[in-house]
Amino acid sequence: MIVITLMPLGLLSMQQTASVTREVSRNAEMAAMGATVRAAAPQIRLIQRGQASVATLAAIIEPFVADDAACRRIMDQIKATEPAAALVAYTPLSGQMTCGSDGSRFDFAGNPLFQRLIEKPEPMIVVNPQGPVSGTAVLGIVHPVFNALGMQIGIVSLSLRHEAVSQADEASADLAASRPVALITFDGAGNLLTADTGLDQAVLQLPRDRGLSDLARNQVQSFAGQSVSGNRRLFSVVPLAGDVYLLGVWRSSTEETLVDPDIAPYLLPGLMWLAALAVAVFAAEYLVTRHVRMISQAMLAFARGNRGRYALHLSNPPAEIEDLAEAYRTMTATILRDEAELENLVHQKDMLLREVHHRTGNSLQLIASVLRMHLREQLDDATRRILENLHARVMSLSTVHLSLYRIAGESRISVHELMADVIAKVSAIHERYARAGSIEAELRPLVLATEQAVPLALLLAEVLSCFPSSDARPDDPPIRVTLDRCDEGSARMRISGPESARAILAGESFDAPTKIAARLIRAFVSQLGGEFTITGDAGEVVAEVTFLIRDS
């Protein structure tokens with residue numbers, strides 16, 4: 001939000017800075033143009049003097065063209081007045097130059113440049129990189145010569161040494177104590193003629209992205225750019241005379257700056273935005289984020305059950321966050337207190353449940369003792385058989401409750417261990433009544449919730465009690481108990497024994513105890529949520545219960 005708020009000011013700052021930068025660049029370019037013009041002033045005056053001298057010479061030379069000695073004296077006198085002159089000469093239309101300063105002679109017949117000069121009878125300035133007479137680069141000032149009848153009879157020329165033209169004298173080129181990096185002359189074809197730094201160094205000072213021929217076509221101009229050497233420079237181009245141009249190379253005011261002028265207008269707004277963002281991030285981190293992070297970590301640790309790391313200590317938080325932290329402390333203290341109370345209640349429930357199982361087991365044993373007393377006093381065989389059956393069933397249920405007393409309060413019970421305990425105690429009861437064979441068990445490990453483990457154990461005790469001792473024979477098969485998993489989601493308990501237990505298991509007997517047994521079995525199967533089947537042949541009955549394993 002801070003960055004968005006500052007955006008209009010940043011855009012205005014960029015616009016103003018860019019406008020100022022453009023104005024400074026234009027002023028610098030104009031200053032460079034003026035400095036280049038001032039630097040070119042001596043050369044321009046030199047050329048103007050040469051033009052005046054050649055025009056005067058063309059007006060007076062006709063009477064002396066026939067006398068080579070007199071003509072040469074005039075040429076020597078004019079050269080003496082101009083130290084920059086390399087050659088002053090008169091050349092007739094035949095091209096045979098015999099009238100030249102210092103007695104110079106040369107045959108220009110067939111020279112393309114000479115032919116161009118005489119074909120166009122008018123004052124001209126030409127550049128010759130290699131003067132045929134002087135042997136150096138010269139700037140030639142040419143003027144046609146006419147006779148009294150107005151017919152052209154030849155040309156007079158003044159050849160100025162090019163280095164004299166391209167360099168300014170120290171007095172006139174001081175430029176207010178400011179010196180250019182380089183002063184370079186070139187022709188319209190883009191050929192580098194001279195440079196005050198030497199031609200080798202001059203190549204490094206030329207513009208990187210513009211050719212000299214392009215500069216010649218655009219005439220007077222000033223611009224900023226990169227030189228071949230990679231430095232930022234100001235370039236100014238001024239025509240000297242004819243096809244000769246002067247390129248002034250100046251140091252840019254931004255040459256020593258650390259920031260590129262192209263990105264300078266955007267630097268201040270960018271830094272301002274970054275500073276605003278950094279301040280916002282720091283403020284958010286210091287005032288809010290670090291405190292919220294600590295509260296979040298404490299809450300997550302507390303929610304995951306780590307009671308050792310839930311404590312919360314904040315350093316100089318804002319009042320609102322301190323209120324939130326205090327609410328968290330109050331909430332956690334309340335939860336811990338409630339958890340302690342719940343744990344106490346659970347512990348009390350476990351103790352009560354253990355006591356219930358213990359007293360239930362003791363009560364059943366007391367009932368079994370009473371039944372045993374009646375059994376000893378009873379002489380009627382039918383009644384004794386009923387009492388014996390009831391005594392065995394009560395003892396079986398008592399063993400289950402006594403076993404549950406040991407594991408009361410646990411949410412998950414190892415059923416195979418509980419069943420082994422029940423089988424061991426029931427087997428002892430069977431041996432007491434001299435029943436056929438001992439109880440064999442094959443129990444695979446199985447863990448069930450209490451809601452299924454208890455009905456399964458009671459069901460096992462009730463089914464085992466259905467095998468009476470009165471009908472036992474020596475050849476009866478032993479009682480076998482197996483427990484295993486059918487698949488990932490279901491389990492099976494299988495009890496097999498003598499065929500005499502079928503009527504009791506199925507509830508087909510007419511006496512009350514056997515009917516009660518069948519009802520109890522169906523009730524326990526219903527609580528278990530399974531299916532109960534009775535099969536078997538060849539003197540053996542098989543009771544099997546299959547049920548789905550529930551998580552709770």
(message) Evaluate Leu206 against Leu247 for side-chain contact (heavy atoms from CB on, under 4.5 Å), listing each step before the verdict.
(response) CA-CA 9 Å; Leu206 296 178; Leu247 171 64; 3.9 Å; yes
(message) One pair to check against side-chain contact (heavy atoms from CB on, under 4.5 Å): Val422 and Met419. What are the steps and the verdict?
(response) CA-CA 5 Å; Val422 173; Met419 291 177 60; 5.5 Å; no
(request) Give the intermediate values and the outcome of side-chain contact (heavy atoms from CB on, under 4.5 Å) for residues Phe524 and Val545. (result) CA-CA 10 Å; Phe524 293 145; Val545 59; over 6 Å; no
(request) Could you walk me through whether Arg376 and Met373 pass the side-chain contact (heavy atoms from CB on, under 4.5 Å) test, one step at a time? (result) CA-CA 5 Å; Arg376 284 198 296 267; Met373 292 172 59; 3.7 Å; yes
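The shortest distance between side-chain heavy atoms of Val249 and Pro180 does not fall below 4.5 Å. Side chains of Gln226 and Arg232 form a contact here, defined as non-hydrogen atoms less than 4.5 Å apart. Contact annotation: the side chain of Arg444 never approaches that of Leu483 to less than 4.5 Å [non-hydrogen atoms, C-beta and beyond]. Val181 has its side chain out of reach of Trp250: every pair of non-hydrogen atoms, C-beta onward, lies at least 4.5 Å apart. Contact annotation: the side chain of Ile295 approaches that of Ile321 to within less than 4.5 Å [non-hydrogen atoms, C-beta and beyond]. Using a 4.5 Å cut-off on side-chain heavy atoms (C-beta onward), Ile534 and Arg502 make contact. Proximity of Ile495 to Met493: side-chain heavy atoms (C-beta onward) are separated by under 4.5 Å at one or more points. At a threshold of 4.5 Å between non-hydrogen side-chain atoms, the residues Phe235 and Ser227 count as touching.
Proximity of a side-chain donor or acceptor of Thr482 to a complementary backbone N or O of Glu442 within less than 3.5 Å is not detected. Remark: the backbone N or O of Arg550 is paired with a side-chain donor or acceptor of Gln452 at under 3.5 angstrom. Remark: the backbone N or O of Leu215 is paired with a side-chain donor or acceptor of Gln221 at under 3.5 angstrom. Remark: the backbone N or O of Tyr286 is paired with a side-chain donor or acceptor of His291 at under 3.5 angstrom. In this structure, Ser363 contributes its side chain and Arg359 its backbone to a donor-acceptor pair below 3.5 Å.
Pairing each heavy atom of Arg492 with each of Cys486, the nearest pair is CB-SG, 3.6 Å. The nearest pair of heavy atoms linking Phe547 to Gly530 is CB-CA, 3.7 Å. The minimum heavy-atom distance linking Ala543 with Val463 is given by the pair CB-CG1, 4.4 Å. When all heavy atoms are compared, the tightest approach of Arg485 to Ile549 is NH1-CD1, 3.3 Å. When all heavy atoms of Pro498 and Val541 are compared, the pair lying nearest together is O-CG1, 3.0 Å. The minimum heavy-atom distance linking Ala506 with Ala518 is given by the pair C-CB, 4.4 Å.
Arg233 contributes atom CZ, which lies 6.0 Å from atom CZ of Arg251 (distance to the nearest 0.5 angstrom). Atom-to-atom distance recorded for Leu528:CG and Leu548:CG is 9.5 Å, nearest 0.5 angstrom. Interatomic distance, CG of Leu458 versus CD1 of Ile521, reported as 12.0 Å (0.5 Å rounding). Tyr328 OH to Ser296 OG: the interatomic distance, rounded to the nearest 0.5 Å, is 10.0 Å. The distance from the CG atom of Asn362 to the OG atom of Ser369 is 10.0 Å, given to the nearest 0.5 Å. One distance of note links CE of Met331 with CG of Leu324; it measures 9.0 Å at 0.5 Å rounding.
Salt-bridge annotation for Glu285 and Arg290: absent, with no side-chain N of the basic residue lying under 4.0 Å from a carboxylate O of the acidic one. Using a 4.0 Å cut-off between charged nitrogen and carboxylate oxygen, Arg329 and Glu322 count as a salt-bridge pair.
Heavy-atom contacts from other residues, nucleotides or ligands closer than 6.0 Å to CD of Gln348 number more than 12.
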